[in-house]
Number of protein chains: 2
Amino acid sequence: MGRHREFDMEKVLDAVLCVFWQKGYEGTSYADLTAAAGVERPALYSAFGNKEAMFRKALDRYHEKYLRYLPEALALPTAREVAEHLLRGAIDLNTRYPTHRGCLMIQGVLAGSDDSEPVRQFLVEARAAGEREVRQRFERAKDEGDLPETARADALAAFLMAVMHGMAVQAKAGFSRETLEGVAEQALLAWPVAKGTKAAMTS
Amino acid sequence: MGRHREFDMEKVLDAVLCVFWQKGYEGTSYADLTAAAGVERPALYSAFGNKEAMFRKALDRYHEKYLRYLPEALALPTAREVAEHLLRGAIDLNTRYPTHRGCLMIQGVLAGSDDSEPVRQFLVEARAAGEREVRQRFERAKDEGDLPETARADALAAFLMAVMHGMAVQAKAGFSRETLEGVAEQALLAWPVAKGTKAAMTS
DNA sequence: GGCTTTTAATAATGGTCGTTATGAAAATAT
DNA sequence: ATATTTTCATAACGACCATTATTAAAAGCC
């Protein structure tokens with residue numbers, strides 16, 4: 001019983017996500033959110049709770065809709081392909097939309113106000129979880145003989161993520177896709193290759 | 001004639017810089033600034049102008065006091081040493097102070113509110129200027145035969161800066177100095193070396 | 001010591017922040 | 001058709017934002 005919701009919940013969440021993406025958590029106001037969503041404040045509160053809860057919902061959607069390339073990458077057969085797919089995916093995501101360049105998560109990790117500290121902490125942990133997955137994937141690659149025994153999975157994962165984060169910053173600073181592709185290329189030049197693999201043969 | 005200033009201008013600027021470093025431009029309030037500087041609001045206004053002008057002064061000091069490693073690096077004899085010094089300097093700066101990790105500039109580049117857009121734009125340009133200097137240094141290295149003719153100075157500079165920016169993000173996320181050293185090491189593994197140089201002999 | 005000039009601290013400005021009462025409109029249930 | 005329930009928009013809430021009058025204190029000049 002009762003009245004029905006008049007707005008499309010998914011459309012609103014997408015609009016909210018875009019605003020957070022563009023302006024960051026602490027840079028986004030309810031004025032921005034209502035303008036983008038075409039829905040008044042109380043509707044946002046009844047739909048999501050407060051600003052922090054809304055951001056977390058937006059973050060979930062960000063993972064589902066835009067960070068798919070991460071599990072995709074992890075499922076590839078070799079560590080080298082994992083790394084390539086991660087870099088390519090990051091470039092694509094960071095430069096695809098002219099209105100909101102860069103990465104929603106990285107932007108939030110660098111937030112500074114006291115109010116946004118809980119959100120920042122959450123993002124720090126989420127980022128660490130992603131890196132952990134990559135590291136574990138590279139450890140598996142060592143077990144499978146796909147990375148050399150001498151390779152350090154933790155350092156490779158940290159390095160790869162550093163390049164991805166750096167590209168997010170550069171994308172926000174206006175870098176072109178082509179420039180970022182040059183960055184990714186250089187990053188992969190020293191990728192370790194185990195003896196006896198196809199990759200080692202062609203080098 | 002008239003009363004003398006009672007506070008030490010340099011000490012206040014240092015305190016202001018630390019707050020901006022910790023909380024970013026848009027995350028810092030005058031309450032934070034007065035608490036850290038031990039000086040009331042009007043004194044800050046008479047000394048610096050408004051918040052934006054104060055941030056720019058803090059940025060100048062940041063360059064003088066903490067970004068010295070950049071011109072230092074550029075003055076080194078080989079491109080390889082330039083890159084090493086840049087990475088080492090970034091690691092040091094980003095992890096030295098537990099209360100304000102990361103990089104003041106990178107934090108500002110990712111600011112999102114409408115108010116901070118002028119500051120963000122300024123930082124984007126300052127960042128680009130730094131990268132330009134590195135690129136030109138690498139072009140000189142090609143002329144001097146220190147980098148191979150096939151090397152792309154722009155891609156190398158962009159790559160190096162990407163790693164530095166990524167390390168700033170990771171430092172803000174709590175990474176240890178040792179982890180970042182692993183990142184830098186991996187970044188340098190594929191550094192191009194011209195034939196006939198000492199570096200090429202030892203490899 | 002009086003007069004002027006500069007700095008200092010208190011406190012108020014208008015504006016915007018995130019959040020929430022309040023009451024009208026719409027839809028189901030009886 | 002009436003009562004009940006839920007959503008909607010208007011408008012208000014206190015808190016904090018950057019900025020600035022206002023007034024008291026301190027230091028140089030005569």
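Here is how names work: the chains are called A, B, and so on, in the same order as the sequence lines, proteins then strands, and each is numbered from 1.
- Checked by atom type, the side-chain pair B:Glu72/B:His85 shows a donor-acceptor distance below 3.5 Å.
- When every heavy atom of B:His100 is checked against every heavy atom of B:Cys18, the shortest pair comes out as CE1-SG, 3.8 Å.
- Following rounding to the nearest Å, B:Glu40 (CD) and C:dT7 (P) show an atom-to-atom distance of 17 Å.
- When rounded to the nearest whole Å, the span between CZ of A:Phe48 and P of C:dT19 equals 14 Å.
- We find that CG of A:Leu33 is positioned 13 Å from C1' of C:dT19, with the value rounded to whole Å.
- The 5' end of DNA chain C is approached more closely, in terms of each residue's nearest nucleotide, by B:Glu6 than by the other of B:Glu6 and B:Arg41.
- Taking only side-chain atoms of A:Tyr45, from C-beta outward, the nucleotide of C:dT19, D:dA18, C:dA9 with the closest atom is C:dT19.
- Comparing A:Asn50 and B:Gly38 by the nucleotide of DNA chain C that holds the closest heavy atom to each, the one mapping nearer the 5' end is B:Gly38.
- With salt bridges taken as basic N to acidic carboxylate O contacts below 4.0 Å, one links A:Glu6 and A:Arg3.
- Checked against the 6.0 Å centroid criterion, the rings of A:Tyr25 and A:Phe122 do not qualify as a close aromatic pair.
- For B:Met54 and D:dT19, the CE to C1' distance is 11 Å, given to the nearest whole Å.
- Dashed line: the shortest gap from a side-chain N or O of A:His4 to OP1 or OP2 of D:dT7 is not under 4.0 Å.
- A salt bridge is defined here as a Lys NZ or Arg NE, NH1 or NH2 lying under 4.0 Å from an Asp or Glu carboxylate O, and A:Arg137 with A:Glu133 fails to meet this definition.
- Between A:Asp8 atom CG and D:dC8 atom C1' the separation is 17 Å, expressed in whole Å.
- Nucleotide D:dC16 holds its P atom 17 Å from the CD atom of A:Glu26, rounded to whole Å.
- For A:Arg3, whose side chain is taken as the heavy atoms from C-beta onward, the closest listed nucleotide among C:dA27, D:dA26, D:dT20 is C:dA27.
- A straight line from CZ of B:Arg5 to C1' of D:dA26 spans 15 Å, rounded to a whole angstrom.
- Distance from the side chain of A:Tyr30 is smallest to C:dT19 among C:dT19, D:dA26, C:dA26.
- Atom C1' of nucleotide D:dT19 and atom CG of B:Asp32 are separated by 16 Å, given to the nearest angstrom.
- Across all strands shown, B:Thr28 has heavy atoms under 4.0 Å from sugar-phosphate atoms exclusively, and none from any base.
- For A:Ser29 and C:dC17, the shortest distance from a side-chain N or O to OP1 or OP2 is below 4.0 Å.
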